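See below for the structure under consideration.
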Amino acid sequence: YNWLENIEVPAEIEKLLAKEQPDIVCFQEYSKTEAPRLEDYPYKYIQPSRAMGKSQLALFFKFPILNQGYITFDDSSNWGAFIDVFFEWKKFRVYNLHLESLRINIQDSILSNPDSEAIQLKFNQVFKKQLAQLGVFEEINKTNTLPTIICTDLNNSQFSKSYDRLASARQDAFTTAGKGLGTTFHFSFFPLRIDFIFADEAFAINEFKSLEVKLSDHYPIVSRFGWK
């Protein structure tokens with residue numbers, strides 16, 4: 001929020017959800033005070049506080065949530081959360097992960113900044129922290145026995161080590177069922193794919209879309225699943 005000078009963003013998000021009709025909705029950088037009402041989603045897990053300056057995550061579901069929890073990343077304003085749910089006679093888990101942000105702008109761009117070595121150092125530090133955060137996630141996921149979907153703002157591309165870690169033994173919803181570039185973010189006018197949905201092999205991925213609507217600095221992504 002506050003990325004656009006548009007006070008109608010919450011209402012526009014509601015309209016988008018009414019059109020797409022997802023059963024599960026994941027938000028990163030969620031704000032209770034500025035969020036849409038989402039009355040069609042009676043079950044939700046919103047991280048309990050903004051402790052240590054962390055930005056909130058939220059997961060909304062149309063059916064009861066059986067279990068929930070959050071994943072703390074040290075020395076970061078980002079973190080993760082999960083819910084365990086029951087749908088069509090099977091249980092599964094959904095993770096919502098927000099990995100370390102680059103916190104760069106056009107002025108920081110390698111193309112526009114002559115001090116590109118400093119920018120590369122900044123990138124490397126962030127990428128190292130992202131891998132450490134994935135290590136925290138992987139430790140928690142070791143005890144998970146349920147089929148799993150991961151929704152993530154990776155803050156990195158499909159060519160990164162972070163992507164490789166999450167994509168290993170999982171399906172990337174875009175590469176399985178998407179079309180085009182799958183752009184979710186523009187940096188210095190370059191289209192990037194930094195938001196992802198991954199799923200275990202237990203799921204059939206029937207559709208993937210990146211919706212080019214300006215309701216945030218990222219485009220929302222939508223995927224539809226079935227059981228194999």
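Atom set for the values below is all heavy atoms of this structure, side chains included, hydrogens, waters and symmetry mates excluded. Owing to the predicted nature of the structure, the values given are computational and were not obtained by experimental measurement.
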_Closest approach of Gly80 to Leu97 (non-hydrogen atoms, all atoms of both residues)_ = CA-CD2, 4.0 Å
*Take the angle between the ring planes of Phe63 and Phe87 and call it parallel below 30°, perpendicular above 60°, tilted in between.*
tilted
*Is there side-chain contact between Glu88 and Trp227, with at least one heavy-atom pair below 4.5 Å?*
yes
_Quick check for you: to the nearest 0.5 Å, what is the distance between Ile71 atom CD1 and Glu138 atom CD?_
10.5 Å
*Taking the six-membered ring where the residue is Trp, are the ring centres of Tyr41 and Phe61 under 6.0 Å apart?*
no
_Non-hydrogen side-chain atoms of Gln28 and Gln56 separated by less than 4.5 Å_ = no
_Do Ile149 and Phe225 have side chains that approach each other closer than 4.5 Å (heavy atoms only, starting at C-beta)?_
yes
*What are the two closest heavy atoms between Gln133 and Phe73, and how far apart are they?*
O-CE2, 3.4 Å
*Which pair of non-hydrogen atoms, one from Val94 and one from Cys151, has the smallest distance, and what is that distance?*
CG1-SG, 4.5 Å
*Find out whether Phe60 and Tyr30 are in side-chain contact, i.e. whether some heavy atom of one side chain is under 4.5 Å from a heavy atom of the other.*
yes
*Looking at side-chain heavy atoms only, is the closest gap between Lys62 and Gln21 below 4.5 Å?*
yes
*Under 30°, 30 to 60°, or over 60°: which ring-plane class applies to His218 and Phe185, parallel, tilted or perpendicular?*
tilted
_With a 4.5 Å cut-off on side-chain heavy atoms, are Thr152 and Asp195 touching?_
no
*At their closest point, which heavy atom of Tyr163 faces which heavy atom of Arg193, and how far apart are they?*
OH-NH2, 4.3 Å
*Quick one: pull up OG in Ser76 and NZ in Lys129 and give me the separation to the nearest 0.5 Å.*
5.5 Å
*Run through Val126, Asp75, Leu131 and flag the one making a side-chain contact (heavy atoms from CB on, under 4.5 Å) with Glu100.*
Val126
*Quick one: do Trp89 and Leu66 end up in the same hydrophobic cluster if we chain Ile, Leu, Val, Met, Phe, Trp and Tyr together by side-chain heavy atoms under 4.5 Å apart?*
yes
*Not counting sequence neighbours, which residues clear salt bridge (charged side-chain N to carboxylate O under 4.0 Å, His left out) with Glu39? List them please.*
Arg37
*Taking atom types as modelled, is there a side-chain donor on Gln130 or Asn156 under 3.5 Å from an acceptor on the other?*
yes
*Go through the steps to decide whether Asp40 and Leu17 satisfy the test side chain to side chain contact (heavy atoms under 4.5 Å, CB included), and finish with yes or no.*
CA-CA 9 Å; Asp40 291 338; Leu17 293 174; over 6 Å; no
All N/O donor-acceptor pairs, side-chain side in residues 198-207, below 3.5 Å, sequence neighbours left out:
residue: Asp200; atom: OD2; partner: Thr148; partner atom: N; Å: 2.8
residue: Glu201; atom: OE1; partner: Lys228; partner atom: NZ; Å: 3.1
residue: Glu207; atom: OE1; partner: Arg224; partner atom: NE; Å: 2.9

*Has Lys90 got more than 12 heavy atoms of other residues, nucleotides or ligands less than 6.0 Å from its NZ?*
yes
*Hey, does Ile197 have a side-chain heavy atom less than 4.5 Å from the side chain of Ile221?*
yes
*Members other than Leu146 in its cluster, when Ile, Leu, Val, Met, Phe, Trp, Tyr link by side-chain heavy atoms under 4.5 Å?*
none
*Output, in order, the C-alpha distance, side-chain angles, deciding distance and verdict of side chain to side chain contact (heavy atoms under 4.5 Å, CB included) for Glu29 and Leu57.*
CA-CA 6 Å; Glu29 297 184 284; Leu57 295 177; over 6 Å; no
_So, taking the atom named CG in Leu181 and the one named OG in Ser210, what distance separates them when rounded to the nearest 0.5 Å?_
9.5 Å
*Can you get from Phe27 to Leu211 by hopping between Ile, Leu, Val, Met, Phe, Trp and Tyr side chains that sit under 4.5 Å apart?*
yes
*How close do Val213 and Tyr219 get, heavy atom to heavy atom, and via which atoms?*
O-CD2, 3.5 Å
*Just wondering, do Val85 and Lys91 contact through their side chains at under 4.5 Å, heavy atoms?*
no
_Tyr45 and Asn96: side chain donor to acceptor below 3.5 Å_ = no
*First locate atom CG of Asn78, then atom CG of Asp153, and finally report the distance between them rounded to the nearest 0.5 Å.*
7.5 Å
*How close do Ser162 and Leu154 get, heavy atom to heavy atom, and via which atoms?*
CB-CD1, 4.1 Å
_Evaluation steps, side chain to side chain contact (heavy atoms under 4.5 Å, CB included), between Val222 and Phe208_ = CA-CA 6 Å; Val222 179; Phe208 178 91; over 6 Å; no
*What is the ring orientation for Phe127 with Phe123, classed by angle as parallel under 30°, tilted 30 to 60°, or perpendicular over 60°?*
tilted
*Shared ILVMFWY cluster between Phe86 and Ile83, side chains joined below 4.5 angstrom?*
no
*Euclidean distance, Lys44 NZ relative to Ile65 CD1, rounded to 0.5 Å*: 9.0 Å
*Is the centre of the Phe82 ring less than 6.0 Å from the centre of the Tyr95 ring?*
yes
*asked:* With rounding to the nearest 0.5 angstrom, report the SG to CG distance, Cys26 to Leu59.
replied: 4.0 Å
